[in-house]
There are 2 protein chains.
Amino acid sequence: MPWNLDSDRPIFLQIIEKIQTDIVAGIYHPGDKLPSVRELAQAAAVNPNTMQKALSELERTGLVYSQRTSGRFITEDTKMIQKLKSELAREVITEFLEHMQKLGFEKQEAIELMEQTIRGETK
Amino acid sequence: MPWNLDSDRPIFLQIIEKIQTDIVAGIYHPGDKLPSVRELAQAAAVNPNTMQKALSELERTGLVYSQRTSGRFITEDTKMIQKLKSELAREVITEFLEHMQKLGFEKQEAIELMEQTIRGETK
DNA sequence: ATTACTGTACTAACTAAATAATACAATAAA
DNA sequence: TTTATTGTATTATTTAGTTAGTACAGTAAT
């Protein structure tokens, strides 16, 4: 599972989004134990401090919790996860429509162009 | 016309995208004279150096050109503008589908959820 | 008890982006 | 000719993000 971090945006933000996404997509399951800060940092090829910063933020929002010395775990609150999934999807959709509108495409045009693009890819 | 710059990404990149977008959306027209570096910087509330950096990059790609002392102008190459519009639209579409896929939605699901979201907004 | 692993905290150094403050050459307008 | 405006260039400073290195306290396993 590659981390695919780019340098155009703060890395700790990209890490937060990556882990959030993996949770709502079901790659991490409720109650799962996360690798340690040091392991995650190595896997993502970033400094442990950067990983720690991202994890602290995920903890602040309640998506993960830490058990002082035994490790860090995904929340077991499935409703929270489901709600987050809806929120993130809505954000992505809204962002898409705004972008397309700024380029000069109305909502229906945007959808049509997308369907056309998909057909073009799979043919 | 607000600039809406956020601090999550390099400002000069956001400026580049903003001006690109305004050109392909027809807010700026081919041959139009742009405001001076200093005026643009003031309008966007950034340092002139930052604006200059963004404009230099736009110039490097050929989208604008500068006439040494009389100012900066939008390219008159309408084909280039049209091509850029298609490219940007394709990027936005691809990015959208990738994001949704990472959240666990297949292409068709993504489209359906988007249509559903639109109906929910306009009702 | 000792060992190894956990999260956490702290300080220093480095880098890229952004700001600040000028300066200069070219030209259109006065 | 003078003035104002243009793009452009240069140097210094500040700030946020990142890295580097180290340290400490708690706990499960040995």
Side-chain angles (χ1 to χ4, degrees), chain A residues 2-20 22-23 28-76, chain B residues 2-20 22-23 28-76:
Chain A
W3 284 80
N4 270 337
L5 305 173
D6 67 80
S7 55
D8 276 4
R9 295 166 53 233
I11 291 180
F12 77 94
L13 288 180
Q14 298 181 56
I15 293 175
I16 289 172
E17 290 165 13
K18 161 77 170 152
I19 297 179
Q20 273 186 338
D22 285 354
I23 293 174
Y28 289 129
H29 300 93
D32 271 3
K33 184 178 186 307
L34 279 170
S36 74
V37 179
R38 294 166 179 81
E39 279 179 289
L40 283 172
Q42 193 169 20
V46 299
N47 191 277
N49 296 325
T50 306
M51 184 57 68
Q52 164 72 14
K53 183 173 181 180
L55 292 170
S56 298
E57 180 59 19
L58 285 171
E59 199 152 336
R60 202 188 57 76
T61 64
L63 205 56
V64 306
Y65 62 95
S66 63
Q67 217 119 26
R68 198 63 180 80
T69 62
S70 55
R72 222 184 226 99
F73 304 86
I74 307 294
T75 181
E76 282 138 34
Chain B
W3 283 79
N4 270 337
L5 306 174
D6 66 82
S7 54
D8 278 3
R9 297 166 53 233
I11 291 180
F12 76 95
L13 287 180
Q14 298 181 56
I15 293 175
I16 289 172
E17 290 165 13
K18 161 75 171 156
I19 296 180
Q20 273 187 338
D22 284 355
I23 292 174
Y28 290 128
H29 300 91
D32 271 2
K33 183 178 188 305
L34 280 170
S36 74
V37 179
R38 294 165 178 83
E39 279 179 290
L40 283 172
Q42 192 170 21
V46 301
N47 191 279
N49 296 326
T50 307
M51 183 58 68
Q52 164 73 13
K53 183 172 181 181
L55 292 170
S56 298
E57 180 60 19
L58 285 171
E59 199 152 336
R60 200 188 59 76
T61 64
L63 206 57
V64 304
Y65 63 94
S66 63
Q67 218 119 24
R68 199 63 180 81
T69 63
S70 56
R72 221 181 227 101
F73 303 86
I74 309 294
T75 181
E76 281 138 35

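Here is how names work: the chains are called A, B, and so on, in the same order as the sequence lines, proteins then strands, and each is numbered from 1.
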Student: Could you tell me the separation between the CG atom of A/L58 and the P atom of C/dG7, rounded to a whole number of Å?
Tutor: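 Taking CG of A/L58 and P of C/dG7, I get 13 Å after rounding.
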Student: From CG of A/N47 over to C1' of C/dC14, roughly how many Å is that when rounded to an integer?
Tutor: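 Rounded to the whole Å, the gap is 12 Å.
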Student: Can you measure from CD1 (A/I19) to CG (A/L55) and round to the nearest 0.5 angstrom?
Tutor: 5.0 Å
Student: Between C/dT8 atom P and A/R60 atom CZ, what is the distance in whole Å?
Tutor: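 Going from A/R60 (CZ) to C/dT8 (P), I get 15 Å.
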Student: Can you check whether A/V37's main-chain N or O pairs, donor with acceptor, with A/Q52's side chain at less than 3.5 Å?
Tutor: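 Flag not set: sc A/Q52 to bb A/V37 has no pair under 3.5 Å.
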Student: When the distance from NZ of A/K53 to C1' of D/dT19 is rounded to whole Å, what number comes out?
Tutor: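 Whole-Å distance recorded here is 13 Å.
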Student: Can you tell me how far C1' of D/dG17 sits from CG of A/D8, to the nearest Å?
Tutor: 14 Å
Student: On a heavy-atom basis, which atom in A/I74 and which in A/H29 lie closest, and how many Å separate them?
Tutor: CB-O, 3.5 Å
Student: Within the 4.0 Å limit for protein heavy atoms, which parts of nucleotides 5-15 of chain D are touched? Write it as a string from 5' to 3', B for base, S for sugar-phosphate only, - for none.
Tutor: -BBB-B-----
Student: Rounded to the nearest 0.5 Å, how far does CD of B/Q42 lie from OG of B/S36?
Tutor: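 Interatomic distance, B/S36 OG to B/Q42 CD, rounded to 0.5 Å: 9.0 Å.
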Student: Find the distance between CD (B/E57) and OG1 (B/T61) and round it off to the nearest 0.5 Å.
Tutor: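 Interatomic distance, B/E57 CD to B/T61 OG1, rounded to 0.5 Å: 6.5 Å.
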Student: Rounded to the nearest angstrom, tell me the gap between atom CZ in B/R9 and atom C1' in C/dA17.
Tutor: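 Spelled out: CZ on B/R9 to C1' on C/dA17 is 14 Å.
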Student: Just how far, in rounded Å, is P of C/dA17 from CD1 of B/I15?
Tutor: 13 Å
Student: Measure CD/A/Q14 against C1'/D/dG17 and give the value in whole Å, please.
Tutor: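 Going from CD in A/Q14 over to C1' in D/dG17 covers 12 Å.
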Student: Any idea which heavy atoms bring A/M51 and A/L40 closest together, and the distance?
Tutor: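 Heavy-atom minimum between the residues: CE-O, 3.6 Å.
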